[in-house]
Amino acid sequence: MLKLKYEKFIKARDYIFVHGDDLNRAWFRYLFEDNNMDGFLHVLSKYQHENGGFGGIYYDFDYQGTCLKTAEIAIKYILNLKEKPPTDHPLIQKMMKYLLDLYIPEIGNWGEVVVPEVNDGVHCYWVSYGEEDITPLKNEEERIEKYKANERVCFAAFVSYYSELVPNDMYRDIIKYPTEYILRYWDKNSPHYKKEIFDNGEPYDIEYFQWFIPCLKDKDTANRLASILCQNPTAFMELDYVRSEKEYVHLPCDVIESPNSIVYPVVKDLVLDSLEYRMGQQSQDGRWPLGWSFGDDEELKKLQMKYETYYTLAMLEKLERFNMIERKCNVS
C-alpha cells in the first residue's frame, strides 16, 4: 500500500495552518498532535449560537448564521471524535434542542437545510434556498415512501447517538422513517424495492446512511440495514477515476471514508485503489484541489480556497484512518 510521504504531509499541514480557520487548526491538532477532545470541543463551541445551531463552519456559503447544513458539519465532527462527548456537555445539549425544535413530525423529517438568508450573501448555486414544501403527509406509509435521506438522516444519527436526551416517542418516530425506508426500498429482496434508486446512482444517501446505522441502539436492526447497504454499493461510485480530475464525482474512497465503514469489507480493494489515486492529486502547495470551480467571481474564489483547506484536512484525516501517512522521514 502506498503512503503519503512525510514531506507532503507537512506541506498539507502548513497549507491548513496558513489558510484555515481556528476550527481547521483545532481539528488538525486533535487528530495529529494532542488528541485533546475537550480542547477541540471548546473551539467548536465558539461557532455555536445561542439557539444551539452552528454558523461559519460550512464553506459553500459565507452566511454566518445557523442552519441545518452547518449543524451537519458539527455532527460530523462529533461522530468522528475518538471518544463520545458526555451527554451533559453544553454543546451536545444545546445541539439536541436545536434539532428537536426543527423536527417536523407531520413529514417525519426535517425541512430545508439552508435558510433564505443564505441567498443574500455569496453562495454556491447548489446550496441556495428554494421553496420549502412542508405539506403534512397524510399517513406513515407516505412519510416512509417520501423520506429524504440526503443530509437529513445525519440528524437522525445524532438523535440516535444521544437517544437518552430524547423523549421515547419522539425518538422512535425519528428513527422509524429512515429505518423503514432502507428496509422497504433498498433491499432487493423486498417487494417494494426501488431499482431506480440504484440506476440513478446518486451517492449521498449511502454516505449518510453510514453515519446513521452505527448509531442505532438496536444492533440486530443495524446489522440487517448494513447488509442491505452492502448489496450494491458500487452503484453509487464513480469507477473512472480520471473523471475526478475535472468533474465533481464520488470515487469509492469518497463514498467509503473509513475502514470502520459497514460497507468497506465488500469494496475494500476499490476504496484503497481510489484512495491512492486521490493521494496523487495533491498539489505542490500541499492542498488537495477540487478539480472543478465554484465560479469566476472573486468572492466565490475565496470560498473555494476555504473549502479546499477543509477538503485538504479531510483528506489527511481519511489517509490517517487507513494508515496511509508516513509519519516521519526515512533515515538512510
Side-chain angles (χ1 to χ4, degrees), residues 16 19-28 30 37 40-81 85 89-104 109-130 132 134 148-162 165 174 204-205 207-208 210-212 215 257 290 294 299-300 302-314 317:
I16 292 163
H19 298 286
D21 55 26
D22 289 347
L23 189 61
N24 298 150
R25 291 187 283 271
W27 189 238
F28 181 93
Y30 170 75
M37 182 181 74
F40 173 75
L41 290 176
H42 174 72
V43 176
L44 180 60
S45 68
K46 295 179 180 180
Y47 294 84
Q48 189 174 35
H49 291 235
E50 194 56 39
N51 68 354
F54 289 80
I57 61 175
Y58 183 66
Y59 307 109
D60 283 18
F61 50 69
D62 65 0
Y63 172 66
Q64 300 296 298
T66 64
C67 65
L68 286 167
K69 188 63 190 177
T70 44
E72 173 201 324
I73 305 302
I75 290 170
K76 187 170 187 178
Y77 281 124
I78 292 165
L79 294 182
N80 283 331
L81 288 165
H89 195 291
L91 182 148
I92 300 299
Q93 299 242 335
K94 289 168 66 176
M95 169 75 115
M96 184 63 80
K97 183 179 185 304
Y98 175 77
L99 292 176
L100 297 184
D101 285 348
L102 291 177
Y103 182 67
I104 307 169
N109 209 339
W110 284 263
E112 178 59 62
V113 297
V114 297
V115 293
E117 291 82 358
V118 167
N119 292 2
D120 297 334
V122 181
H123 64 283
C124 298
Y125 71 87
W126 52 84
V127 290
S128 59
Y129 178 84
E132 184 173 27
I134 54 173
K148 294 179 180 179
N150 185 13
E151 299 162 322
R152 295 160 180 82
V153 78
C154 81
F155 311 133
F158 187 81
V159 164
S160 188
Y161 199 48
Y162 287 102
L165 297 178
I174 289 171
Y204 309 106
D205 288 1
E207 293 175 13
Y208 287 109
Q210 290 174 84
W211 300 21
F212 170 68
C215 292
E257 296 189 326
L290 296 180
F294 275 18
E299 294 304 312
L300 284 174
K302 290 178 183 178
L303 278 185
Q304 180 157 343
M305 186 181 72
K306 290 181 179 180
Y307 190 91
E308 287 186 331
T309 305
Y310 169 77
Y311 178 53
T312 296
L313 180 51
E317 179 182 1

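Start at 1 with the first residue, then count along the sequence.
For Val118 against Val114, the heavy-atom pair with the smallest separation is CG2-CB, 4.0 Å. Minimum interatomic distance between Asp21 and Gly56 (heavy atoms only, all atoms of both residues): OD2-O, 4.3 Å. In plain terms, the two heavy atoms of Cys215 and Ser160 that are nearest each other are O-OG, 2.7 Å. Of all heavy-atom pairs between Cys154 and Trp211, the closest is CB-CE3, 3.2 Å. Here the closest non-hydrogen pair linking Glu308 and Leu290 is OE2-N, 2.9 Å.
Within the structure, side-chain hydrogen bond (donor to acceptor under 3.5 Å, both in side chains) contacts touching residues 67-77 (residues at least two apart or in different chains) are Lys69-Glu72, Lys69-Glu151, Glu72-Tyr208, Lys76-Glu257. Note on residues 50-67: no pairs pass salt bridge (charged side-chain N to carboxylate O under 4.0 Å, His left out), not counting sequence neighbours.
In this structure, the side chain to side chain donor-acceptor pair (under 3.5 Å) partners of Asn51, at least two apart in sequence or on a different chain, are Thr66. By the ring pair (Phe, Tyr, Trp, His ring centres under 6.0 Å) test, Tyr161 is found to be paired with no residue, residues two or more places apart in sequence or in another chain being considered. Residues passing the side chain to side chain donor-acceptor pair (under 3.5 Å) test with Glu207 are His250, sequence neighbours excluded. With sequence neighbours left out, the ring pair (Phe, Tyr, Trp, His ring centres under 6.0 Å) criterion links Tyr162 to Phe158. Residues passing the side chain to side chain donor-acceptor pair (under 3.5 Å) test with Asp22, sequence neighbours excluded: Arg25. Partners of Tyr307 by ring pair (Phe, Tyr, Trp, His ring centres under 6.0 Å), not counting sequence neighbours, listed by chain and number: Phe294, Tyr310. In this view, Tyr58 and Phe61 satisfy the ring pair (Phe, Tyr, Trp, His ring centres under 6.0 Å) rule, not counting sequence neighbours. Checked against side chain to side chain donor-acceptor pair (under 3.5 Å), Glu112 has no partners two or more places apart in sequence or in another chain. The side-chain contact (heavy atoms from CB on, under 4.5 Å) check on Ala149 picks up Tyr147, Val153, Asp205, Phe209, with sequence neighbours excluded.
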Side-chain donor-acceptor pairs under 3.5 Å in residues 89-97, sequence neighbours left out?
unit_1 : atom_1 : unit_2 : atom_2 : d
His89  : ND1    : Leu91  : N      : 3.1
Gln93  : NE2    : Thr87  : O      : 2.8
Lys97  : NZ     : Asp101 : OD2    : 2.8

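Here Ile104 contributes atom CD1 and Ile134 contributes atom CD1; the two are 4.5 Å apart, rounded to the nearest 0.5 Å. Separation of atoms CZ (Phe28) and CD1 (Ile16) is listed at 6.0 Å; rounding is to 0.5 Å.
Remark: side-chain polar atoms of Ser128 are paired, donor with acceptor, to backbone N or O of Tyr125 under 3.5 angstrom.
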